[in-house]
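Everything below concerns the one structure shown next.
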Protein chains: 2
Amino acid sequence: MVEVENLSRKEQVIRAAAALFQKNGYSATSMRDLAHALGIEAASLYSHIKSKEEILQSLCFDMAAQFRASLDKVENSDISYSQKLRQGILGHIEVMAQDLTASAVFMNEHRYLSQPYLRDFLLLRINYINRFKKIIEGGIASGEFQNIDTKLAVMTLFSSLNWMPNWFDPTGLTNPKDVGNQLADMLIGGIKTK
Amino acid sequence: MVEVENLSRKEQVIRAAAALFQKNGYSATSMRDLAHALGIEAASLYSHIKSKEEILQSLCFDMAAQFRASLDKVENSDISYSQKLRQGILGHIEVMAQDLTASAVFMNEHRYLSQPYLRDFLLLRINYINRFKKIIEGGIASGEFQNIDTKLAVMTLFSSLNWMPNWFDPTGLTNPKDVGNQLADMLIGGIKTK
DNA sequence: CCTACCGATCGGTAGG
DNA sequence: CCTACCGATCGGTAGG
């Protein structure tokens with residue numbers, strides 16, 4: 001019971017922190033700001049978390065794990081490279097849409113991780129990007145895609161995906177799946193052999 | 001002479017600040033860090049600049065003005081919408097490539113602007129984005145482009161452009177113009193009527 | 001989860 | 001461009 005309560009409160013702390021990190025940035029968010037948002041004193045936060053950075057670590061690595069898991073599913077499936085790319089995009093957006101705030105922190109605040117966490121995070125990220133790149137390279141090798149610059153293509157895709165938390169309106173008419181399919185239409189149509 | 005020296009020194013301060021803002025973030029960069037990079041004491045910085053934020057303002061609004069000017073040239077020229085979009089992309093990348101550090105600050109640190117500067121900056125930015133959106137809408141209306149979601153299209157373009165300072169290697173083989181043309185090929189090919 | 005508090009550091013000013 | 005310094009605030013700890 002005590003454990004469950006602690007975990008739950010810890011998650012409240014992390015979620016409140018994510019909202020402040022997104023709004024004001026990690027460095028510009030003080031532990032007193034965070035405490036105030038939760039209606040407690042700054043010192044009380046340390047009953048739930050070890051440090052300010054531990055919160056950032058949770059947020060960044062949890063999102064990274066979710067992105068990774070979503071790509072696992074499509075990577076080894078027996079579908080065309082266009083379909084793999086589309087499913088990869090849909091998976092990424094689906095994960096993002098489940099927590100746009102944490103996604104924005106993942107994208108914009110990971111840089112404030114200290115070593116060795118920063119290094120580990122960047123390795124996870126480059127690995128993720130390279131898996132998308134491999135899909136594009138596979139599509140080129142099979143003749144499905146034009147012989148485009150794969151680095152430019154994958155960076156265009158990645159930046160477009162990660163910028164979404166900054167403009168996507170979850171209360172709007174378009175749902176994550178529609179946005180993902182439209183993005184896939186736009187990008188795949190552009191790199192597909194005509 | 002005194003004026004010229006002051007201006008020059010001020011620009012040195014701003015450039016050094018841009019490098020630190022890019023590397024460590026605006027909030028996490030102290031005036032003592034900046035002073036150290038220039039080999040002077042923190043208090044001495046205030047002979048050249050009024051405040052820390054004034055530096056950020058210079059960087060953000062200077063870049064905004066350059067982006068705006070580059071789009072002015074292509075907007076009213078008598079070319080196809082594909083060509084307008086391509087020239088807009090090339091112009092944006094050319095401006096960015098001239099100062100990748102300031103461009104990264106423009107993209108990632110503008111959020112630390114205080115009011116009313118933040119509001120003004122965001123208005124300039126949405127205006128810039130809308131001008132690209134108008135080009136895309138014009139292309140749809142003329143039948144040159146498919147009937148895509150213009151918001152998604154312009155956000156994909158804008159995020160892709162602004163993410164470039166984070167991965168573009170100015171010492172590499174591809175020059176800004178090649179990258180711009182490749183990005184235009186990829187995006188325009190994707191939205192053009194087949 | 002609180003009060004009380006720590007040393008460190010912040011942006012900036014006074015006065016030269 | 002410097003020394004000397006300001007009040008405010010930082011992340012975090014001790015002890016309950």
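Naming: A, B, ... by sequence-line order, numbering from 1 per chain. In this text the structure is predicted, and so the values were computed from the model without any measurement. Hydrogens, waters and symmetry mates are skipped; everything else that's a heavy atom, side chains included, is used.
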What is the distance, to the nearest angstrom, from the CG atom on A:D33 to the P atom on D:dA8? 17 Å
To the nearest Å, give me how far apart NZ (B:K52) and P (C:dT13) are. 15 Å
For B:R32 and D:dA4, give me the distance from atom CZ to atom C1', rounded to whole Å. 12 Å
Among C:dC1, D:dT13, D:dT3, which nucleotide has an atom closest to any side-chain atom of A:H48? C:dC1
Assess the residue pair A:R111 and B:E109 against the criterion (salt bridge (charged side-chain N to carboxylate O under 4.0 Å, His left out)); give the C-alpha distance rounded to whole Å, side-chain angles, the decisive distance to 0.1 Å, and a yes or no. CA-CA 13 Å; A:R111 55 188 297 198; B:E109 313 299 331; 2.6 Å; yes
A:I49 CD1 to D:dG12 P: how many Å, rounded? 7 Å
Considering just the side-chain nitrogens and oxygens of A:S30, establish if one lies under 4.0 Å of OP1 or OP2 belonging to D:dT9. no
Compare the minimum distances between each of C:dC1, C:dT3, D:dC1 and the side chain of A:S44, then state the nucleotide with the smallest one. C:dC1
Say whether, by atom type as modelled, one donor and one acceptor occur between the side chain of B:D33 and the main chain of B:S30 under 3.5 angstrom. yes
Scanning all shown strands, the Watson-Crick or wobble mate of C:dA4 with both distances under 3.5 Å is D:dT13
Checking A:E94 against A:S70: is there a side-chain donor and acceptor pair closer than 3.5 Å? no
Whole-Å distance separating the OH atom of B:Y46 from the P atom of C:dG16: 21 Å
Interatomic distance where CD1 belongs to B:I40 and C1' belongs to D:dC2 [whole Å]: 10 Å
We want to know whether A:R9 and A:Q12 form a side-chain donor-acceptor pair, criterion being a heavy-atom distance below 3.5 angstrom. yes
Give A:T29 one of three labels, base, sugar-phosphate or nothing, depending on what nucleic acid heavy atoms sit under 4.0 Å from its own. sugar-phosphate
Nearest whole angstrom, please: distance from the C1' of D:dA14 to the CG of A:L45. 17 Å
Here the distance between atom P of D:dC5 and atom CD of B:E41, to the nearest Å, is 15 Å
